[in-house]
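A short worksheet on the structure shown next.
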Amino acid sequence: MSLDRINPAELSPATGFSHAVAASGSRLVFLAGQTALDGSGKVVGEGLPEQFEVALTNLLAALAAAGGSPADLARVTVYAVDVPAYRACAAELGRVWRRLAGRDYPAMAVIGVVRLWDDQALVELDGIAVLP
């Protein structure tokens, strides 16, 4: 299995994401959207960085249960109820990502949404991983 992260020089610098990821492997894992729900189903975390950390931890737990690791992530989509707040926290969110998932970034997008399933949720992450 391999993931080739592709960032063409003619595109804007890829900071916190990869422009393209070419994957070869034998098993695709589709990861459902994860918010900052704890084990009892309650949204935890007062602010966006705290909720992002819990949501990413949940996404990585689902990936690990499928036999994968953060390096196997080919695509992650972030749904944010407040994109300007997300942008304002980008440096902190990047530190959370690097601490939990490492320095290799999948192809990513941030999508602004009116609300998420749980009213208190500020962010949701879903993804696709390619396992050997």
Side-chain angles (χ1 to χ4, degrees):
M1 188 281 299
S2 72
L3 292 178
D4 218 2
R5 288 162 175 83
I6 303 162
N7 293 298
E10 65 271 17
L11 297 179
S12 65
T15 303
F17 69 97
S18 292
H19 282 290
V21 176
S24 63
S26 62
R27 186 171 182 213
L28 281 179
V29 178
F30 296 89
L31 299 162
Q34 299 293 325
T35 60
L37 292 177
D38 66 10
S40 68
K42 179 182 178 229
V43 174
V44 295
E46 293 298 314
L48 182 57
E50 296 87 1
Q51 286 199 16
F52 181 86
E53 182 168 350
V54 175
L56 180 56
T57 298
N58 291 345
L59 187 80
L60 296 176
L63 177 57
S69 72
D72 299 321
L73 286 168
R75 171 91 179 149
V76 170
T77 303
V78 178
Y79 304 92
V81 297
D82 186 345
V83 173
Y86 188 92
R87 288 181 64 120
C89 295
E92 187 173 357
L93 300 177
R95 285 190 293 275
V96 169
W97 179 277
R98 288 186 298 278
R99 182 167 41 83
L100 297 177
R103 294 196 166 273
D104 289 328
Y105 290 99
M108 294 181 77
V110 177
I111 309 293
V113 296
V114 174
R115 63 157 287 182
L116 296 166
W117 184 262
D118 294 300
D119 285 334
Q120 304 85 6
L122 302 174
V123 65
E124 182 170 336
L125 290 81
D126 71 14
I128 300 172
V130 181
L131 279 61

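What you are looking at is a predicted structure, and each value in this text was computed from that prediction instead of being measured.
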I need the full list of salt bridge (charged side-chain N to carboxylate O under 4.0 Å, His left out) pairs touching residues 51-69, with sequence neighbours left out, sorted by first then second residue. Glu53-Arg99
For Asn58 and Thr35, indicate whether the former's side chain and the latter's backbone hold a donor-acceptor pair under 3.5 Å. yes
Could you pull out all residues at least two apart from Tyr79 that satisfy ring-ring contact (aromatic ring centres under 6.0 Å, His included)? none
Contact summary for Asp72 and Gly68, nearest pair of heavy atoms: OD2-CA, 3.3 Å
Which pairs, with at least one residue in residues 32-68 and sequence neighbours excluded, count as a ring pair (Phe, Tyr, Trp, His ring centres under 6.0 Å)? none
Under the ring pair (Phe, Tyr, Trp, His ring centres under 6.0 Å) definition, can you give me all pairs with a residue in residues 28-47, not counting sequence neighbours? none
May I ask you to test the Val78-Val123 pair for a side-chain heavy-atom distance under 4.5 Å? yes
Which atom names give the shortest non-hydrogen contact between Pro106 and Val76, and what distance separates them? CG-CG2, 3.7 Å
For Leu37, the rest of its hydrophobic cluster, which grows through side-chain links under 4.5 angstrom: Val43
Steps toward side-chain contact (heavy atoms from CB on, under 4.5 Å) verdict (Val81, Val114): CA-CA 6 Å; Val81 297; Val114 174; over 6 Å; no
Got a second to check how far Leu59's CG is from Glu124's CD, nearest 0.5 Å? 10.0 Å
Looking only at atom types and distance, does a side-chain atom of Glu92 sit under 3.5 Å from a main-chain N or O of Leu48, one as donor and one as acceptor? no
Take atom CZ of Arg98 as the centre, draw a 6.0 Å sphere, and report whether it contains more than 12 heavy atoms from other residues, nucleotides or ligands. yes
Sequence neighbours excluded, which residues qualify as side chain to side chain contact (heavy atoms under 4.5 Å, CB included) partners of Pro8? Ile6, Glu10, Leu11, His19
ILVMFWY clustering at 4.5 Å (side-chain atoms), partners of Val44: Val54
How would you list, by chain and number, every residue that makes a salt bridge (Lys or Arg N to Asp or Glu O under 4.0 Å) with Arg115, sequence neighbours excluded? Asp119
For Leu31, the option from Asp126, Ile128, Thr77, Leu73 that meets side-chain contact (heavy atoms from CB on, under 4.5 Å): Leu73
With sequence neighbours left out, write down each residue that passes ring-ring contact (aromatic ring centres under 6.0 Å, His included) with Tyr105, or none if nothing qualifies. Trp97
Over all heavy atoms of both residues, which pair between Leu60 and Pro70 is shortest? Give the atoms and the distance, please. CD2-CG, 3.8 Å
List the residues meeting side chain to side chain contact (heavy atoms under 4.5 Å, CB included) with Ala109, not counting sequence neighbours, and say none if there are none. Arg75, Ile111
Among residues at least two apart in sequence or on other chains, which ones pass side chain to side chain contact (heavy atoms under 4.5 Å, CB included) with Val21? Leu3, Arg5, Ser18, Ala74, Ala107
Quick one: closest heavy-atom pair of Leu125 and Ala55, and the distance? CD1-CB, 3.5 Å
Which residue pairs pass the salt bridge (charged side-chain N to carboxylate O under 4.0 Å, His left out) test when at least one of the two sits in residues 28-46, sequence neighbours left out? none
How close do Ala121 and Leu116 get, heavy atom to heavy atom, and via which atoms? O-CD1, 3.8 Å
